[in-house]
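Note sheet for the following structure.
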Amino acid sequence: METCVEIGKVNLKYHLSRHLLIAAAFLVMSPLLISVRNLEPAQTAQSLEMYAALIGIILLVPIFLPDQDKNIRDLTAAKYTPALKVQMVRLAESFIFLVLLLGAFTLYLKTGGCEFPVLEMYAGVLSEAFFLGGLGIAAYGLSDNVIIGYMIPIVYYATNFSGDKYLKNFYLFSMMQDRYEPKIWLACAGVVLICAGLGVRQIKR
Amino acid sequence: MFLSLFWKECRQLLRSITFYLYLVILVLFYFSQLSTFTPLVKPQPGMKSYGADYAVDKKDIMDGTLGKLAYCFYTNSYTAYPMGFYKSVKLDEDEAARVAEIIEKDTGMDKNEITQFMQKYFNAEADVNEGPEVFTENYGPDNYDMESYDPENFDDESYEAQPSDDFERRMQFWPDIPAVEGLTYDEFEKQMKEIDGLIGGGSDFAPSRLYMNAEKELTFEDLQKEYEDTLYKDKISNAYAREFCDYLGLMLAILPVFLSATRALRDRRAKAAEVIYARKVSSAAVILSRYLATLLFALLPVIVLGAMVTVQCIYYGRGLGVDVDAFAFLKHIFGWLMPTAMTALSVGFFFTELTDSPIAVLVQGIWWMASNFMAFGKGTLEGSFGLNLIPRWNTCGKYEKFTEQLPDLITNRIFYAAIALLLLAGTIIVYELKRKGKWEVPWKRASK
Amino acid sequence: MSTEIVIQNLDKTYGKKQALKNVNLTIGSGMFGLLGPNGAGKTTLMKILSTLLPKTGGEVRICGTDIGHSREIRKMTGYLPQDFSMYGNMSSYEAMDYLGVLSGLPKSVRKERIPDLLEKVNLQNNKRTKVKAMSGGMRRRLGIAQAILHDPKVLIVDEPTAGLDPEERVRFRNLLCEIAEDRIVILSTHIVGDIEATCENIGILNEGRLIYRGSVEGLLGEAYGKIYTARVSKKELPRIKEEYIVTGMMVSAAHADVRLVSEKLPFQGAALCEANVEDAYMYLMQKERRVR
């Protein structure tokens with residue numbers, strides 16, 4: 001446990017902090033880009049699904065970034081603490097901040113006069129963010145290229161603008177249509193994708 | 001030396017996973033959106049309705065807008081789309097009073113007369129004091145019954161009906177209220193601008209959106225003219241090329257940034273940066289060769305797809321006995337799409353070189369998102385180009401309307417080409433500074 | 001538990017390429033040098049011992065533990081890679097502390113050992129210096145310090161002195177010798193001088209095969225009677241270089257003094273001389289090539 005805390009501290013100080021800053025700034029500047037006050041449920045869903053959920057990509061994808069340098073990767077891989085444990089700590093830390101930031105943003109919408117089912121939509125946007133992040137982690141793990149790690153979830157997000165004809169249960173903007181079931185699919189897929197990303201990373205080593 | 005560098009960069013791209021991903025995504029996107037060649041619809045005389053389009057006549061626009069204004073005033077509910085995201089605004093007493101003042105001036109109807117008019121128009125018996133939600137629920141656009149273009153009931157069995165999309169989207173459920181005599185459009189526009197200001201901008205009363213408040217029924221002659229324009233003035237392929245650019249512009253405003261960011265980071269990843277810095281070659285040659293190679297590869301798949309559709313157009317044209325412009329797609333790809341791709345590439349190169357990080361992806365991502373949302377906000381995916389990174393023209397045809405807006409498009413494209421070149425110049429400068437040790441990424445600077 | 005590494009019939013293949021072929025080696029306490037040309041398989045062997053690469057065949061046991069039990073092995077081994085690198089923004093203390101955490105050391109132990117080790121490698125005044133601001137030599141020393149932080153029985157050091165100036169190199173070698181007192185230190189290097197100065201036993205790899213294992217004296221013995229010096233005219237130099245392996249050359253205005261490898265007296269005027277490790281290595285490699 002102490003090991004995890006220490007690893008978490010170093011990760012936060014040296015790696016996560018800048019991504020956290022960017023995610024927070026992204027949410028803080030939301031009033032400039034989207035509507036955040038006095039929204040009806042469908043419009044609140046839009047602000048959450050089309051905007052806020054993107055911080056999943058910002059916070060989750062970079063968990064392999066500290067080990068981009070092969071020399072550091074080899075060095076830390078030769079240590080007693082398995083590389084997987086370190087990555088899990090980073091993932092957990094990023095996830096905690098994801099939960100907190102999205103929670104804060106959801107509350108912000110509520111206090112701004114938006115009418116919507118708070119818990120359901122919060123869970124929904126969290127699932128979507130988790131899925132997008134997981135997609136990026138899987139892509140990064142497979143390709144060992146952070147740009148591809150960002151590319152895949154962004155492109156997936158872009159394709160959702162064409163509607164849910166092909167995407168069905170993996171459609172990102174379902175809450176706008178008052179549908180929550182896809183969110184469960186997205187959350188499960190997120191778990192699978194993250195496991196795949198971490199798994200491939202271990203094998204490739 | 002430059003040419004050798006350029007070809008080496010091209011060869012490098014052929015070995016890049018990012019490029020192949022780019023290719024797959026672009027092609028998949030294209031085939032999912034524009035999978036089959038859709039022939040033009042030749043309008044048939046004697047139909048019940050030919051759909052509707054936004055009004056062009058200034059009087060029509062004034063009448064339609066005043067009707068919309070009266071409706072909004074009546075329900076005290078104004079919608080705005082400042083960034084494409086819906087915003088609902090309620091005016092306070094003073095603001096509402098000002099709106100009433102303007103309505104009275106322009107229509108001659110005071111507050112009470114408006115109320116009576118609205119109630120009569122919607123045959124409303126509900127108590128409006130219950131609130132606008134109840135009113136719109138009972139009498140809003142979903143309930144308004146209009147005679148619509150109904151292909152099922154058309155007599156001629158040989159005709160293949162194709163309802164106009166536009167008609168479904170722009171149902172004018174509010175009545176026209178005629179403007180008083182002597183009201184000039186300029187004066188009217190000024191007043192609407194004021195009201196738009198009260199609402200907070202981006203509303204239906206913003207001068208650029210006024211035309212969307214009035215609808216004009218189209219006639220057989222209107223559609224016939226448009227069809228002929230597409231055949232003889234657009235020479236078919238230009239119309240399809242515009243639609244092609246509309247869709248592909250969406251991808252070309254984001255995908256190329258991944259190519260350029262990957263390329264710019266490669267030197268750092270391979271720890272080859274300093275080795276290259278020390279060489280004789282000029283910074284301009286290094287950066288330009290990369291840029292041009294990446295631009296070529298970004299556009300090549302688009303050119304191939306365009307060629308494909310050109311061939312389809314040519315066969316189609318032959319069947320109709322119409323000349324087709326074989327270079328339409330090439331012109332559109334270079335004039336319309338290339339500045340978008342150039343901008344995305346330049347952002348990628350510039351920010352990656354500046355920061356040695358993938359932040360360019362975030363910058364371009366936000367720009368892309370904002371462009372998309374703004375297009376939705378304008379309420380039209382046909383024109384109103386402004387200074388949007390992604391000019392939209394989500395329709396195949398409308399030659400006349402397009403020609404009117406062409407100067408705006410040209411200005412827009414020149415603007416973006418200039419931005420792209422500026423960022424490219426910036427990239428060369430940053431690279432040169434880095435080479436001389438005069439620029440180091442702030443968070444990588446050694447501490448004393 | 002004996003402090004010993006036992007390698008039996010070790011094979012490692014990458015696709016079609018066989019990086020290590022049937023390597024048999026036993027390494028005891030003290031400094032063990034691993035020599036060989038580029039691509040010989042030195043780094044591959046080091047990485048297998050550090051559990052960074054899986055073996056394809058054979059058996060490896062470190063202090064009695066099979067190499068397959070990575071966590072146990074990692075407790076016992078310390079690894080210093082060829083290009084030691086750490087997060088640039090960390091200070092040397094922070095880097096040590098983080099790596100100590102990863103080695104499973106509790107806070108009290110780290111607090112005690114880190115200052116001592118930094119002092120041992122002469123970085124006690126650089127506790128707050130950021131890694132990115134350190135010179136190559138300083139980084140290498142930090143690398144050694146982190147490698148022994150968890151007091152491993154085996155230290156695996158990959159080309160540690162490459163790129164260091166002579167003074168730094170000597171300092172580093174002495175440090176390694178100190179550390180090797182009650183440990184196994186495996187040192188892979190191109191620099192024959194490092195071997196001469198510090199190692200009792202060595203192994204030489206060539207194209208994945210172990211072509212020599214034994215003591216340094218043994219290696220010198222192999223080349224006994226095979227190393228000659230001669231003074232030749234500059235005109236003859238190109239021919240001599242073509243016919244023999246020249247391990248040393250001093251060219252002056254009129255002539256050149258050469259040192260060369262030959263099975264027997266190469267020509268009149270050449271004189272037998274005592275072989276050094278470099279000569280012996282070159283002799284061995286030549287023999288290898290002839291065999292192949």
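Here the structure is a predicted model, which is why all the values come from computation and not from measurement.
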Residue pairs involving residues 77-88 of chain A (criterion salt bridge (charged side-chain N to carboxylate O under 4.0 Å, His left out); sequence neighbours excluded)
none

Can you tell me how far apart [atom1] ([X]) and [atom2] ([Y]) are? Round to the nearest 0.5 Å.
X: C:Asp83; Y: A:Ile72; atom1: CG; atom2: CD1; value: 11.0 Å
X: C:Met86; Y: A:Asp69; atom1: CE; atom2: CG; value: 9.5 Å
X: A:Asp74; Y: C:Leu52; atom1: CG; atom2: CG; value: 5.0 Å
X: A:Asp67; Y: C:Tyr87; atom1: CG; atom2: OH; value: 4.5 Å

Which of residues 38-50 of chain C get closer than 4.5 angstrom to chain A, counting heavy atoms alone?
C:Lys47, C:Ser50

Contacts of residues 136-151 of chain C with chain A (heavy atom under 4.5 Å):
C:Gln146, C:His150

Going through the checks in order, is the side chain to side chain contact (heavy atoms under 4.5 Å, CB included) test met by A:Thr3 and C:Leu102?
CA-CA 7 Å; A:Thr3 312; C:Leu102 293 183; 5.7 Å; no

Taking all atoms of both residues into account, what is the closest heavy-atom pair of [X] and [Y], and its distance?
X: A:Leu75; Y: C:Pro81; answer: CD1-CD, 3.6 Å
X: A:Ala77; Y: C:Arg74; answer: O-CZ, 3.2 Å
X: C:Ser85; Y: A:Asn71; answer: CB-CB, 3.8 Å

Residue-level interface, residues 4-11 of chain A with chain C, non-hydrogen cut-off under 4.5 Å
A:Glu6, A:Ile7, A:Val10

So for atom CD, which belongs to C:Glu112, do other residues, nucleotides or ligands contribute more than 12 heavy atoms lying within a distance under 6.0 Å?
no

Exceeds 12 heavy-atom contacts within 6.0 angstrom, atom CE of A:Met176:
yes

